[in-house]
Amino acid sequence: MHLQPLGPPPTTLDEAAAQQEKLSSLVVASGSGPSDLRTVAGIDVAQREGTDDVVAAVVVLDGRTLRPVETRTATGRADHPYEPGFLALRELPAVTAALEALDTVPDLIVCDGAGVAHPRRFGLACHVGLLTDLPTIGVAKTPPVPFDMPKPARGSWTPQVDGDEEVGRALRTQHGVQPVFVSVGHRIGLEAACDHVLRLARHRLPETTRRADRLARDAALRV
DNA sequence: GCGACAG
DNA sequence: ATCTTGTCGC
């Protein structure tokens, strides 16, 4: 699929931070998202042991049946070690390559990690949102921002506040199961983002990220 | 100075 | 991210 030009990829942490701060003003963190969810994409990245290679996987699901309709993987080099706040530095090159190879233009993309719940309000999901100019959501397995535990019922949530802004939510996707941490990537509001995550979640994590995780993981073994 | 910190 | 046994629940 066609991607937006976002300038040269940063090399250092300082360059990456500057890029995040610059691009964060372009994020649209509101709206109801796609009215008709015909297809949803999930993205995840796995590491190849013993190497500095990462493998990105994109899985497109039918929005109604949640059955996969297209699948793509790509590998990239991870020069720097992981630095909190700079996940994109390691993962985005491979993710970009996988998205370029994608034929389907999905109505929504669910990313593994943070959106605006990020030190500079520009997590990986925001980056992917501007890159594709599509609605994106970030779903993290561990909290990027402090939170109070929501009630055990599926669908209950608590706000994740940074300063005076609600940057994300701790959302219970199954009764009594650890919440996931939802934040807006681009072109959708937090309320709609949580609705979608809940609808995609048959287990703790949405089907999009479960599928992408599995695909990335075994592609990392074969490729 | 030390620990925390999406994956 | 990744390393792993047992355990609880549908």
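What you see below is based on every heavy atom in this structure, not just the backbone, and it leaves out hydrogens, waters and symmetry mates. Within every chain, numbering begins at 1; the chains are lettered A, B, ... in the order of the sequence lines, protein sequences first and strands thereafter.
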Quiz question: by atom type and distance under 3.5 Å, do the side chains of A:Arg90 and A:His80 form a donor-acceptor pair? no

Quick test of your reading of the model: are A:Asp103 and A:Arg72 salt-bridged, counting only N-O distances below 4.0 Å? yes

Using a heavy-atom cut-off of 4.0 Å across all strands, would you classify A:Ala46 as base, sugar-phosphate, or nothing? sugar-phosphate

Polar atoms only, N or O, under 3.5 Å: list the protein pairs with nucleotides 3-9 of chain C and their distances.
{"unit_1": "C:dC3", "atom_1": "OP1", "unit_2": "A:Glu49", "atom_2": "OE2", "d": "3.2"}

Hydrophobic cluster partners of A:Met149 (side-chain heavy atoms under 4.5 Å): A:Phe147, A:Phe181

With a 3.5 Å distance limit and no angle check, can you tell me whether A:Thr96 reaches the backbone of A:Leu92 through a side-chain donor-acceptor pair? yes

Nucleotide B:dA6, atom C1' - distance to CD1 of A:Ile43 in whole Å: 15 Å

Under 4.0 Å between a side-chain nitrogen and a carboxylate oxygen: does that hold for A:Glu191 and A:Arg169? yes

Without decimals, in angstroms, what is the distance between A:Gln47 CD and C:dA1 C1'? 5 Å

Contact list please: residues 195-215 of chain A against DNA chain B, heavy atoms, distance less than 4.0 Å, in numerical order. none

Side chains of A:Glu70 and A:Leu102, heavy atoms from C-beta outward: is any pair under 4.5 Å? yes

Dot-bracket notation for DNA chain C, counting Watson-Crick and G-U pairs under 3.5 Å, with | for partners on another strand: ..........

I need the CZ-C1' distance between A:Arg169 and B:dA6, as an integer number of Å. 19 Å

Rounded to whole angstrom units, what separation is found between the CG atom of A:Asp79 and the C1' atom of C:dA1? 17 Å

Distance check needed: C:dA1 C1' versus A:Leu89 CG, whole Å only. 16 Å

Within residues 123-146 of chain A: residues closer than 4.0 Å to DNA chain B (heavy atoms): A:Gly123, A:Leu124, A:Ala140, A:Lys141, A:Thr142, A:Pro143, A:Pro144

Closest heavy-atom pair, A:Leu198 versus A:Gly155, reported as atoms and distance to 0.1 Å, is CD2-CA, 3.7 Å

Without decimals, in angstroms, what is the distance between A:Arg154 CZ and C:dC10 P? 15 Å

Does the A:His118 side chain pair with the main chain of A:Gly85, one donor and one acceptor, at a distance under 3.5 Å? yes

Short N-O contact, A:Asp44 and A:Arg211, less than 4.0 angstrom: no

In whole angstrom, give the distance that lies between atom CZ of A:Arg90 and atom P of B:dA6. 14 Å

Is there aromatic stacking of A:Phe181 on B:dA6 here, judged by a ring-centre distance under 5.5 Å and a plane angle under 30°? no

Atom CD of A:Glu49: over 12 foreign heavy atoms under 6.0 Å: no

Do A:Gln174 and A:Arg154 make a side-chain contact, defined as non-hydrogen atoms from C-beta onward lying under 4.5 Å apart? yes

NZ/NE/NH1/NH2 to OD/OE distance under 4.0 Å, A:Glu21 and A:Arg121: no

Would you check if the side chain of A:Asp52 reaches a backbone N or O of A:Asp79 as a donor-acceptor pair within less than 3.5 Å? no

Would you say that A:Val58 contacts A:Val95 through its side chain, given a criterion of any heavy-atom pair below 4.5 Å between the two side chains? no

State whether the side chain of A:Arg187 and the backbone N or O of A:Gly33 hold a donor-acceptor pair below 3.5 Å, judged by distance alone. no

Compare the minimum distances between each of B:dC5, B:dA6, C:dA1 and the side chain of A:Asp112, then state the nucleotide with the smallest one. C:dA1

For DNA chain B, which consecutive runs of 3 or more Watson-Crick or G-U pairs (each distance under 3.5 Å) count as stems? none

Give a yes or no on whether A:Leu190 and A:Ile188 share a hydrophobic cluster (residues Ile, Leu, Val, Met, Phe, Trp, Tyr; joining criterion: side-chain heavy atoms under 4.5 Å apart). yes

Pick base, sugar-phosphate or nothing for A:Phe86, based on heavy-atom distances below 4.0 Å to the nucleic acid. base

Between A:Arg77 (CZ) and C:dA1 (P), how many Å, whole number? 21 Å

Approximate separation, where rounding is to 0.5 Å, of A:Ile137 CD1 and A:Leu200 CG: 7.5 Å

